[in-house]
Amino acid sequence: MLDPFDPDEPTLPGGVKVLSQDVEGFAPVDAGRYAVRVSKSLLYQFDLPAYSDVHSGVYLNPGRRAGGDSIVSLTPANKRTALPVHPCRDHDPKVVGPTVGDLASALNRQPYLATTKPVAVTVGGMDGLFVKATVPDDAKVSTCQDGAVDIIHDTQSVEDPGTVDRIWILDVNGARHVLRARTFGATKRDAQLVTQLVKSITFTRG
């Protein structure tokens, strides 16, 4: 089994290890606190429960080996983040403005999806806005472009009705980052695991 940790990254205070992004596929990790490097100067730390996996060093799957079905990831700052013209019919990208509010408002205005109004949140001491986007249970996804729904451009599309993206759009030291947790269907346990993970997040410079 490949070592899921980056040998070139020093162990952080408290014994926190940084996950390797050179490991392809799923890597099992024990319950504990870990970190993902987001950029040359930024990492974020989080707690994972038992039976968790990490995919490619950046996609967190809390409790996957115990039946969990969710994916959590943090997208680095990008001033040209885009949404599809239409989540089902037209996946061509349309760039939204550079602020936290620009992206939150654009997500809330998207057709086809069931979206919540942006709500102020704080994650790891960083302020932002939260939006939940749901593919309706009765959506005929097979009739969409490429047989999938596109929620945020350049991220994995959705093929299953009932999929929920919980999206925290954060201002991290003046840059917009997108933390996204995807759950497949209305599973309370997965939602609880995702919520616990997000509450445990802290950001580290260095």
Side-chain angles (χ1 to χ4, degrees), residues 1-82 98 100 103 121-128 130 151-158 165-184 189-206:
M1 183 177 65
L2 294 175
D3 187 342
F5 307 114
D6 192 330
D8 297 323
E9 289 276 9
T11 300
L12 302 176
V16 177
K17 293 184 177 181
V18 180
L19 296 168
S20 172
Q21 299 179 25
D22 292 331
V23 176
E24 296 182 0
F26 290 99
V29 292
D30 295 328
R33 190 161 184 82
Y34 302 99
V36 167
R37 179 165 291 283
V38 181
S39 68
K40 291 182 178 180
S41 60
L42 181 69
L43 305 98
Y44 79 108
Q45 298 184 31
F46 45 85
D47 295 330
L48 283 177
Y51 306 111
S52 295
D53 284 345
V54 177
H55 192 283
S56 303
V58 293
Y59 300 103
L60 315 177
N61 302 85
R64 178 176 181 268
R65 284 174 288 127
D69 198 7
S70 61
I71 301 172
V72 182
S73 62
L74 180 70
T75 303
N78 184 352
K79 293 182 179 180
R80 295 189 61 79
T81 296
V100 167
L103 181 54
V121 291
T122 301
V123 176
M126 304 297 172
D127 294 332
F130 172 80
I151 296 179
I152 297 179
H153 190 68
D154 280 341
T155 59
Q156 187 174 10
S157 297
V158 176
D165 271 13
R166 293 171 173 82
I167 304 165
W168 295 261
I169 308 163
L170 304 174
D171 184 329
V172 182
N173 302 319
R176 183 180 68 192
H177 289 67
V178 179
L179 174 67
R180 189 167 55 144
R182 174 168 292 175
T183 53
F184 302 88
R189 179 177 178 276
D190 288 337
Q192 290 171 348
L193 289 174
V194 163
T195 299
Q196 290 168 1
L197 191 158
V198 171
K199 286 183 177 179
S200 75
I201 285 176
T202 57
F203 292 89
T204 304
R205 303 289 294 182

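Since we're looking at a predicted model, the values are computed, not measured. Just so you know, these numbers use all the heavy atoms, side chains as well, and skip hydrogens, waters and symmetry mates.
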Side-chain contact test, heavy atoms from C-beta onward, threshold under 4.5 Å: evaluate it for Leu74 versus His177 and give yes or no.
-> yes
In terms of the angle between their ring planes, are Tyr34 and Phe5 parallel, tilted or perpendicular, with boundaries placed at 30° and 60°?
-> parallel
Flag side-chain contact, heavy atom, 4.5 Å: Asp165 against Ile152 = no
Looking only at non-hydrogen atoms, find the nearest pair between Val29 and Leu19 and report the distance.
-> CG1-CD2, 4.4 Å
Heavy-atom check, side chain of Val38 versus side chain of Phe203, under 4.5 Å = no
Over 12 foreign heavy atoms within 6.0 Å of OH, Tyr51 = no
Closest non-hydrogen atom pair between Ser200 and Asp47, with its separation | OG-N, 2.8 Å
Taking everything shown except Asn78 itself, do over 12 heavy atoms lie less than 6.0 Å from its CG?
-> yes
Before giving the answer on side chain to side chain contact (heavy atoms under 4.5 Å, CB included), spell out for Phe184 and Asp190 the whole-Å C-alpha distance, their side-chain angles and the decisive distance to 0.1 Å.
-> CA-CA 9 Å; Phe184 302 88; Asp190 288 337; over 6 Å; no
Point-to-point distance, once rounded to the nearest 0.5 Å, from CG of Asn173 to OG of Ser41 | 8.0 Å
How many angstroms lie between atom CZ of Arg182 and atom CG of Asp69, to the nearest 0.5 angstrom?
-> 11.0 Å
Which distance, rounded to the nearest 0.5 Å, do you find between the OG1 of Thr81 and the CG of Asp154?
-> 9.0 Å
Report yes or no: does Thr202 contribute a side-chain atom to a donor-acceptor pair with the main-chain N or O of Gly124 at less than 3.5 Å?
-> no
Test salt bridge (charged side-chain N to carboxylate O under 4.0 Å, His left out), reference Glu9, set Arg37, Lys40, Lys17, output is Arg37
Shortest non-hydrogen separation from Ser70 to Asn61 and the atoms involved = O-ND2, 3.2 Å
Nearest heavy-atom neighbours spanning Ala35 and Leu43 | CB-CD2, 4.4 Å
Do you know which two heavy atoms are closest between Arg189 and Ala66, and how far apart they sit?
-> NH2-CB, 3.9 Å
Reported CD1-to-OG1 distance for the pair Ile167 and Thr75, which is rounded to 0.5 angstrom | 9.5 Å
Side chain to side chain, Val72 and Leu179, heavy atoms closer than 4.5 Å = yes
Checking side chain to side chain contact (heavy atoms under 4.5 Å, CB included) for the pair Arg180/Ile71: CA distance, chi angles, key distance, verdict?
-> CA-CA 8 Å; Arg180 189 167 55 144; Ile71 301 172; over 6 Å; no
Check: Arg65 and Asp53 side chains under 4.5 Å, non-hydrogen atoms | yes
Please report the closest heavy-atom contact between Ala50 and Ala31, naming both atoms and the distance.
-> N-CB, 3.5 Å
Leu170 and its side-chain contact (heavy atoms from CB on, under 4.5 Å) partner, picked from Asp127, Val123, Val178, Ile201 | Val123
How long is the gap from OG on Ser56 to CD on Glu24, to the nearest 0.5 Å?
-> 7.0 Å
Spacing of Arg64 atom CZ and Tyr59 atom OH [to the nearest 0.5 Å] = 15.0 Å
Please determine, by modelled atom types, if Thr183 and Arg166 share a side-chain donor-acceptor pair under 3.5 angstrom.
-> yes
